[in-house]
Every structure is written in structure tokens, then in C-alpha cells.
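Below you'll find the structure, written out as C-alpha cells, and then a few comments.
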2 protein chains.
Amino acid sequence: MTVFDTLRARFGARFSTSDALRVQHAGGEAHHRIAAPDAVVMARSTEEVQEVVRLCAAAGIPVIAHGAGTSLEGHLSAVRGGVSLDLTGMDRVLRVSAEDMDCTVEAGVTREALNSWLRDQGLFFPIDPGANATLGGMASTRASGTNAVRYGTMREAVLSLTVVLANGEVIRTGGRARKSAAGYDLTRLFVGAEGTLGIITEVTLRLHGIPQAISAAVCRFEDVESAVAAATAVVQYGIPVARMELMDRGLVAAVNAHSGLDLPVADMLAFEFHGSDASVAEQAALVGEIVAEFGGQGFEAAHDAPARARLWKARHEAWYAILGQRPGCRGWVSDVCVPVSELSGAIHHARGLLADCPVPAVILGHVGDGNFHVVFAMDPESEAEAAAVKQANAAMVRHALSVGGTCTGEHGVGIGKADYLTEEYDPGALALMAALKAAVDPQGIMNPGKILPGA
Amino acid sequence: MTVFDTLRARFGARFSTSDALRVQHAGGEAHHRIAAPDAVVMARSTEEVQEVVRLCAAAGIPVIAHGAGTSLEGHLSAVRGGVSLDLTGMDRVLRVSAEDMDCTVEAGVTREALNSWLRDQGLFFPIDPGANATLGGMASTRASGTNAVRYGTMREAVLSLTVVLANGEVIRTGGRARKSAAGYDLTRLFVGAEGTLGIITEVTLRLHGIPQAISAAVCRFEDVESAVAAATAVVQYGIPVARMELMDRGLVAAVNAHSGLDLPVADMLAFEFHGSDASVAEQAALVGEIVAEFGGQGFEAAHDAPARARLWKARHEAWYAILGQRPGCRGWVSDVCVPVSELSGAIHHARGLLADCPVPAVILGHVGDGNFHVVFAMDPESEAEAAAVKQANAAMVRHALSVGGTCTGEHGVGIGKADYLTEEYDPGALALMAALKAAVDPQGIMNPGKILPGA
């Protein structure tokens, strides 16, 4: 009996080799090449994941964990075939402690589902990559997003994990204490490992109290450079803004069209402030003064919750808004992150590249962290466009690396950034990563071809 | 020529096998057994560390990095002999960026030296374990201390590291971007690894702006339980206190005697508030209301910087204050950390143990994190006292583990907590840690006998 026969016998209709389901599990949302897995298993528990991994390990078959499928760097592409383990059925919130402000969820719970669950307890989970990703996927890519500037990334948010290793063992990486000095940081080993070291099945997360007051503001600028300079000043002043997002005028126009907003079409910063009434008012006043120094216009803090929700929903739909402007196009998004002092230079450099690039593109960014994205709307049939975008992306990465930055602030390596990893790290560091991979997954069956394609 | 001959020829007077220097490098500050290294090398650069590691690796000789020697869990004990690599001569601040609020220092820079260096730039490094430890040592033990409740631990503070691996390679674990999703988290692999995976020679750290306003307050309570309940309420209210320390009445008496203070002798909480003038005033007012609900007396926020400095200096000298009360005694300090909701129960449990223990002891704690210490002042000649303390410590650890906590919040494993690690983690997780160790240090020469004594 083959492994697939065994899986079919065990999982029934939750095992499939149908073309439709395989193609649905073949890739993420961006431009990377699609490679469908040989089969899909819809798992419902850690024990089921363990069973699948053990069967696959015994046969040397690759296993690729699959959440919401919102990856942007080809993490889900089954480049060596194998089984896609779909965890979206593992969608239970297992435990919430309002007293400790933490919770444990199955890997397939999405961030929106978690926040809906938490709302009536006065708690929220702040990390917000835009897409309604699963928490297992967010942990695996070390995701962050619009309010990392205040609340950190998945690196800080994850307290511990349950992981199925390549050898079929199930481990807990830690407990529920807020801090621990007890041995190697297994939690951080798996956060950002993109499923190449094991499959995350449960996530214990730090939560935050919903702030007493929240307000938002937008502010338009003469040009992108002025907006970035103002954002940098806000960071350096130490104002604990909860969000501070750059949207260039092209993005604002796209967002207006897609989401029915009527924002003034200009390069702008969008802010959100969290805290007590007094603190939110103080933050907004300080930011208002700073942006004015950089020529910011129309800054006004608004407490209107529906308007705020519309603004951030529109921002989160930026990807679809941009792609919607060029019917039939395919998106490619860059993701460099640089020290904040280098952000202005990096964005200026990127704008120079875009001026020479024939592909429509917009710039947006989590500017408080030094992380920005260029979204290109490519003609999928045009090799010339693909080549131009690839070249511009490479130039942005190399500029970022030259100023102490990274090729990926939050989207991860997948297959899209693997080549740049070898430029970002020295050979000794890369060899160490390969040694870790070999120690944890000696057969190389866990999401092969990602991060370290040769490992 | 032996390795030691080679080292002597290379390092001259900076290589020593003298008894005095060896004994000085034999242990930390607590009760653990002392084992002197066979030789000491005073290194002055990453290249020198690399040379020593390569020579020792070729001969299979253990290498133990040594900073300020303030370890509390026997990390420095040369249980298998070898070379102590003293890094205190690597004391240069290599780079400070006020704009990016980060810096790079050599591993031997102490936190007090760094803060002196930073002061006139309006910046500070918040992590404060009390002892004037080196930043390499603090990274290696994943240290934290009195203001982790606001600023996090070394896990969050370290942006990247330069590390000499067991194979003699020098690697950089990352860049200077505030966040990155580029591959395995090598930085966090070494933070908390206690020198067992490599030797940290340079540390890049996140800094913070010196707050516009700082105020402090002390508040006395009827008993420890009331103080802990008040502290828990402050955390759950989400007030961003910068420090919130529990000191029981025995500790307050010792601190008064040692540091010439005149604090009222009572179980107390000591607070510090950081922020804008308005924010500090608001935090203090809210905390004042909360502590009053738990019977707190005498709460008053003071902006008097010298008085504040005296308070925290006294708190930092608690270890010496306590030991000073029993001449000739030796200290033993527990270090459990539990979810905040379990803190009250854990401290109540600990107080029950102390009531039955013949050894003088006090309780102090970073209660905002759920981390507390019992310091025992033991007669070093009494086996009965040692046995009683060991038993009480074991009971505290097991209680902490039973409620989701950890055996060490901030002191690390060393040799002191190694036995408990096997109770804290499941066999699969321990096997994974051993696999990591074997992959990175196959000969087992990096600080052997620590964390995983069998590895």
C-alpha cells in the first residue's frame, strides 16, 4: 500500500489528489511560479498532523503546511511535490486568559477570527499584516504589518508554540511566563522558519487590552520625501504611534477607486494613536506639530470609528486596489527594511528606479519600522516587464543591504528571496543555518526549496 | 608545543595559568561549586577570540567566555577545565546612532559604562539586571531585570550579534533593520545560549530616548499578598509602568542598613514612571488609585532625581545587603517566573516554604513580569541549611512549572537549573536542544556542562 493509499484510508474525503484542490494549494498571491502538491490533507488536530508527517517521513515525501494561502514569496509552492497539509480546519481558540492577556489558538485561526473572539473581553491581538492570514502562517513567516511600530512583530508576540517535527515528535517550545531564560530559544527557532523546520500546530500569543481611546489621522504632503522625513522625525521623537503608514499618490488614487473613499490624491501618511484619552490627545498634538514642520496639510485627528475602519480596510485592500487598476495583471511586491535613518535615502533610490521602469507601481510602507513595499502590477505575459521588475527589486534589495537593512522586513524568504539571503548573510552564518536545518530535518522533507534551496 | 605554550607565546602577559587569576575566573556570585579553568586569556578583539577558539578546538579544549563574573547559576564554572576567555578588555563602544536609536558595542562593555557613554546623546539602554554585567554576558543569559515590564528583555533588545563559533568561524547574525523576516533567527539562537553555542564578541542593541519625565514612588502594604495583588492589578489595567518592584519587609530592613536609607520597614512596591510630563502624571495618578484599593499607604510620586537614584541603587545592592546581614554567609537565589495571574499563588506558596525553612530569606520581585526571587543567606558550612534551601528551591520551581511558568525568568540555566530543564521541557524539545548543540558544537567545547550537561 502506498503512502497515499494509507492517507486516503485514514482521512477519507479529507485526503485529495484532485486537480482543483491541488492547484488551489499550489502557491500564494504573488508572481512566483506555481507548483502543485501531489496531494492535500485537511488536518483537524496536532495528532493528525503528526500522523501525516510520520507517514511522509517514512517515505521521504515533502510536507508543506498551508494556512490562508496569502504568502507573497512562494512559500507554498510544492517545488519538490509532496503533501500540502491544510490547517485551516484547525480553527479553534483553545484558551484565552484575560488576566494574563494571552491565548492559545490552533494554527488555522485567522487574525480576524481571533480578534472577533476577543472583542467582548476587551482584548485584541495587534499584529496586522493586512491579509487575513492564519496565526500559524504569521508565526511561520515572522509577520508584522501596520502596527508593528508600536506592538512589535510575531517574534515578540509569540509566547510558545506546539510543533510537529520532521521526526514526528510533537514538542512544546515553552510555557506561559512572559519571559524565560531556560535554555535555547526554541520558540524563536520556529518563528520565521517558514515550515522548513517543523509544522506549527498551536500558537500561544501575547494579547493587549483594547485601548481606552483610539484616534486616526491622515495628512497629505508635497511629495513622498517630505512624508518620509516627517515619519522619521515622529519615530525619533519617540512618540508611541500605533500605526504610521506611507501611501503614495498612486496608491491613494487606487484605494479611492477600489474602496469608494474620497481621500485627497496626494502622497500621505496615515496615523493611528492608542492610549488613554489624554495620551491619545497628546500624541496627536505632537504629531500634528511635527508633520506641519514638513509641510504636512490637512492633519486632523478623528475619533470617528467607522471612518477609521474604512481607512484601514482600504489600506489593507491596497494589494487588490492596485492590481485592480490593470485588469489581468499579476502583482510583485518588494519588502526591504532599513534602519530608519536610511529610509529616506532608500525610498528616494526606489523612486529613481521606478522612474525608469515601464511597469505601473506604487509605494507604501510601514515607515516607522523602516519597512516599505513597492507593488508592481505586471503583465503576466510580458517577459520584458518581468525582467524590469526583477531588476528593480534586486537593486532595491542591494541598496537596502548596503545600508545595513534586510531583503525582507516581513514577507519572508520563500523562494522569492532565497538568492538574496546569500548576499545578506556571510558564508559562516549561511552554513550555520544549513547545519540547523540538517540537524532538525535531516531528510529535507519540511517545505523543501524554501529559505535555503540547497539544504 | 602544547596549546598553552602557543597561547603564551601569542598573548604574553595576557595569558595566565596563575592560581590567583584562575580562581578569580572559577565561578559567579552564588552558591554553586567552583571549578577553576586551566588558564585565562584576556582577549582584546574578535580576531583574538577566534584565534583562541581555533587553537582550543583543534585540541578539544573547552572554552568559557567570561565577562563581569556576576553569574548566579554557575555559568562560569570550568567543570571540564579549559580556557576562560576574559572579554572585559573588549570594552569599546563601536558605534552609536542617535537617529536610529541603536549602537554596537564589544561584548565586554558593561551596562553602566554604556549608559554613561550614551547620556549626553539623550539615549539610554534600559535593561537593568542590577549587577553591572557586561552586555555580552547579559545577551548570553537572556538577562532582564527591573524595567523589563516596560522595555522587554535582552531577547527584544538585541538587534544582532557577532559570534565566534566552535569551528572558529566569525559570523554576523543580522543587520540593523528593526525587523527582518530573512531566514532563521540566528540572533535569538545565541541570546540565552550561555556561551554553549559560540562566543558573542559584539552586540548591536536597540536604545531608547531618555524620557522627558521620570518619577518614582514607593508604597507600603499590610502584607506581601496585598502588594502582589496591587501589582497584578496595575499590569492588568495596562499602565505602562517602567519599573514595579516588590520588596518584602526583611529586604527593606536590610537595604536600609546597607545603603543608609530610611524606608519604612514594610512590604512594599517601588515604582518608576517614564514618559511625557502629562503621561507620567497620569500613570502615577492611576497607580495611586489602584494601590489604595489594596490598602497601599504612603504612595507619593517624587520627581527628585537623587532620591530616585538612591532608591534604585539600594534595590540593586539588595544581594549584598541581604548577605551582609549574616556575616560569612553564602547566597542562593531562586528565579521562577509565572503567568501574572499565578504570581500571587506562587508567592503565597513560597512564603509557606520559607516559614518552614531554617535559613534567613527575603522575597523580591519583578512583579510586573511574574518573576520573583527568594534570596537565602546560607551558612556555607551547614549541609542541613544547603539541603533545606535546595528543597525549598525545588518546591518553588515545581510549583511554577505546574502553573505554566519557568524555572528561570532571567538568571539562566548554568549548572544550577539544568536538572529542572528536564522537568520544564518535554523529551522531544530537550532532544531538539541537544541536536542543535551537537550541530553547532559537535566537539562539545563551548562552555561544557551548562544548560544540557550531557550534551
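All figures in this text were calculated on a predicted structure; none of them were measured in a lab. A, B, ... follow the sequence lines: proteins, then strands. Residue 1 opens every chain.
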| task | Pick one of side chain, backbone, both or neither for B:Tyr420, based on which atoms fall under 4.5 Å of a heavy atom in chain A. | result | neither
Select one option (side chain, backbone, both, neither) describing which atoms of [X] are under 4.5 Å from chain B's heavy atoms.
X        : answer
A:Met101 : side chain
A:Val170 : backbone
A:Tyr237 : neither
A:Thr141 : backbone
A:Leu452 : side chain
A:Glu99  : both
A:Asp185 : both
A:Asn371 : side chain
A:Ser180 : both
A:Gln212 : neither
A:Tyr425 : side chain

| Looking at A:Glu424 and B:Ala182, what are the two nearest heavy atoms and their distance? | OE2-CB, 3.6 Å
| message | Tell me the closest heavy-atom pair linking B:Gly405 and A:Ala177, and the distance in Å. | response | CA-CB, 4.3 Å
| said: Can you tell me how far apart CG (A:Leu432) and OG1 (B:Thr173) are? Round to the nearest 0.5 Å. | reply: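 Going from the CG atom of A:Leu432 to the OG1 atom of B:Thr173 covers 10.0 Å.
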Mind ranking [options] by heavy-atom pairs under 4.5 Å with chain B and telling me who comes out on top?
options                                : answer
A:Leu189, A:Val163, A:Leu197           : A:Leu197
A:Ser341, A:Gly404, A:Pro427           : A:Ser341
A:Ser144, A:Gly175, A:Gly238           : A:Ser144
A:Met433, A:Glu342, A:Glu169, A:Lys437 : A:Met433
A:Leu186, A:Ile451, A:Val413           : A:Leu186
A:Thr196, A:Thr187, A:Asp335           : A:Thr196

Counting heavy-atom pairs under 4.5 Å to chain A, which of [options] comes out on top?
options                                : result
B:Asn167, B:Val340, B:Asp426           : B:Asp426
B:Val403, B:Leu436, B:Asp102, B:Thr153 : B:Leu436
B:Ala435, B:Ala400, B:Pro339, B:Gly428 : B:Pro339

| said: Going by side-chain hydrogen bond (donor to acceptor under 3.5 Å, both in side chains), B:Lys179 matches just one of A:His366, A:Glu156, A:Glu410. Which one? | reply: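 Filter result, single survivor: A:Glu410.
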| request: Indicate whether the side chain of B:Ser276 and that of A:Glu282 have a donor and an acceptor atom separated by less than 3.5 Å. | output: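 Note: B:Ser276 and A:Glu282 side chains meet the donor-acceptor criterion.
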| request: Please lay out, stage by stage, how B:Ile171 and A:Leu430 fare under the test side-chain contact (heavy atoms from CB on, under 4.5 Å). | output: CA-CA 9 Å; B:Ile171 66 164; A:Leu430 291 164; over 6 Å; no
| Check against side-chain contact (heavy atoms from CB on, under 4.5 Å), B:Arg178 and A:Val235 | CA-CA 12 Å; B:Arg178 290 191 177 208; A:Val235 171; 3.4 Å; yes
